Peer 1: 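Mind looking over this structure? Questions follow.
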There are 2 protein chains.
Amino acid sequence: MEKLTEMLKAKELKVTPQRLAIFNILYNTNEHPSAETIYKQLQSTHPTMSLATVYKTLDTLKKAQLVQEINVGEDSFRYDATVAPHPHAICLKCNSVIDLETDVLAESAKKVQEDTGFEVISEKLYFYGYCTGCRTK
Amino acid sequence: MEKLTEMLKAKELKVTPQRLAIFNILYNTNEHPSAETIYKQLQSTHPTMSLATVYKTLDTLKKAQLVQEINVGEDSFRYDATVAPHPHAICLKCNSVIDLETDVLAESAKKVQEDTGFEVISEKLYFYGYCTGCRTK
DNA sequence: TTTTATGCAAATTGTTTGCAGATAA
DNA sequence: TTATCTGCAAACAATTTGCATAAAA
């Protein structure tokens with residue numbers, strides 16, 4: 001991950017195997033795993049990595065704007081290496097979180113700003129329902 | 001609150017002072033309080049009410065579709081007696097949560113459904129930024 | 001009088017923190 | 001070599017649970 005290495009250096013953060021491994025998982029999945037899930041996934045390749053390190057690293061990456069934290073209403077946070085704002089669809093049956101590319105966000109942010117005077121910095125849009133795989137019941 | 005009394009009876013749930021008090025708070029505010037906040041607010045009028053009861057009651061009301069739970073990315077949930085879907089704006093400075101009435105939700109749900117095949121049941125839209133009171137810095 | 005709800009305290013879960021030793025620069 | 005990071009264990013905070021008592025139907 002050259003991208004991450006660069007970004008970390010730019011922020012005067014050390015490039016450690018743990019940080020690379022965690023970012024790598026997020027960068028190569030669209031599953032939006034939680035800290036716990038990432039930790040379990042790393043146990044085979046990085047058996048000494050602690051859960052605390054996963055949390056600390058996710059916090060570091062979040063502050064460095066390399067990952068975004070998403071909050072779908074579960075009891076834990078999930079993480080996404082795609083930082084550009086985009087909606088998510090959460091399947092109520094299999095709990096999967098799917099990235100969407102609808103562009104309603106920019107338009108509606110502008111509308112809100114005009115209508116209410118609220119200055120929009122970012123936005124999150126979640127759809128709850130059933131994914132294509134779970135629709136057939 | 002006749003509405004609540006009816007709804008509870010319809011679901012074979014008992015009408016208790018605690019349930020009335022908690023629903024009443026939510027029904028008469030637009031502050032979207034957390035369980036803790038509701039608990040504190042009730043201490044003067046209902047000094048024997050326990051925090052566990054607040055949690056259990058909110059869960060009951062949520063299941064009875066009388067309140068909705070919202071998750072703005074804080075460490076706790078907030079509650080809203082308006083169950084119809086509507087966007088929320090969260091001020092990053094004063095942490096207030098404001099109800100919005102923009103109607104982007106219905107349109108975009110339809111769009112997502114057509115584009116991706118994901119069957120949308122409900123949606124949540126959050127805007128983060130600065131409220132009119134906090135913009136002047 | 002029967003069933004369900006409340007209130008207490010203890011348990012659980014996700015996350016954070018302090019600190020000594022390890023590692024990147 | 002020095003500043004930062006990791007990993008462990010303990011701490012924390014939000015929420016849940018078990019159970020005896022209390023209250024609604």
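Naming: A, B, ... by sequence-line order, numbering from 1 per chain. Bear in mind that the values here come from a model prediction, so they are computed numbers and not experimental data.
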Peer 1: Please check this pair: side chain of A:Y130 against backbone of A:C94, looking for a donor-acceptor N/O pair closer than 3.5 Å.
Peer 2: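 No; zero donor-acceptor contacts below 3.5 Å.
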Peer 1: List for me each residue that meets side-chain contact (heavy atoms from CB on, under 4.5 Å) alongside B:K110, sequence neighbours excluded, and say none if there are none.
Peer 2: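 Testing B:K110 for side-chain contact (heavy atoms from CB on, under 4.5 Å), a comparison that skips the adjacent residues, returns B:E114.
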Peer 1: Under 4.0 Å from a heavy atom of chain A: give me the 5'-most and 3'-most nucleotides of DNA chain D that qualify.
Peer 2: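 Reading along DNA chain D, I get D:dA3 to D:dA9.
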Peer 1: Could you note down all residue pairs passing salt bridge (charged side-chain N to carboxylate O under 4.0 Å, His left out) where residues 72-82 of chain A supplies at least one of them, sequence neighbours left out?
Peer 2: A:E74-A:R78
Peer 1: Residues in side-chain contact (heavy atoms from CB on, under 4.5 Å) with B:V83, at least two apart?
Peer 2: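 Here no residue qualifies.
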Peer 1: Would you mind building the protein contact string for nucleotides 15-25 of chain C? One character per nucleotide, 5' to 3', B for base within reach (heavy atoms under 4.0 Å), S for sugar-phosphate only, - for untouched.
Peer 2: BBBBB----BS
Peer 1: Measure across B:R135 and A:G117 and return the closest heavy-atom pair with its distance rounded to 0.1 Å.
Peer 2: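 Looking at all heavy atoms of both residues, the shortest contact is NH1-O, 2.6 Å.
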Peer 1: Mark yes when over 12 heavy atoms from residues, nucleotides or ligands other than B:E101 sit less than 6.0 Å from its CD; otherwise mark no.
Peer 2: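 At most 12 heavy atoms, drawn from other residues, nucleotides or ligands, come within 6.0 Å of this atom.
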Peer 1: Could I get the full list of side-chain contact (heavy atoms from CB on, under 4.5 Å) partners for B:F77, not counting sequence neighbours?
Peer 2: B:E69, B:N71, B:Y79
Peer 1: Check side-chain contact (heavy atoms from CB on, under 4.5 Å) between A:S76 and all other residues, then give those that pass, not counting sequence neighbours.
Peer 2: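 Applying side-chain contact (heavy atoms from CB on, under 4.5 Å) to A:S76 gives A:S34.
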Peer 1: Please output the side-chain donor-acceptor pairs of residues 10-22 of chain B that fall under 3.5 Å, not counting sequence neighbours, one pair per line with the distance.
Peer 2:
residue : atom : partner : partner atom : Å
B:T16   : OG1  : B:R19   : N            : 3.2
B:R19   : NH1  : B:K14   : O            : 2.9

Peer 1: Tell me, which of residues 40-49 of chain B have any heavy atom that sits under 4.0 Å from an atom in DNA chain D?
Peer 2: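 Contacts with DNA chain D under 4.0 Å: none.
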Peer 1: Restricting to ring-ring contact (aromatic ring centres under 6.0 Å, His included), what partner residues turn up for A:H32, sequence neighbours left out?
Peer 2: A:H88
Peer 1: When you measure from the side chain of B:T60 to the backbone N and O of B:K56, does any donor-acceptor pair fall under 3.5 Å?
Peer 2: yes
Peer 1: I'd like to check the salt bridge (Lys or Arg N to Asp or Glu O under 4.0 Å) partners of A:D59; sequence neighbours left out, ordered by chain and number.
Peer 2: A:K62, A:K63
Peer 1: Using the C1' atoms of five pairs at each end, what's the angle between the two axes of the helix from C:dT1-D:dA25 to C:dA25-D:dT1, to 10 degrees?
Peer 2: 40°
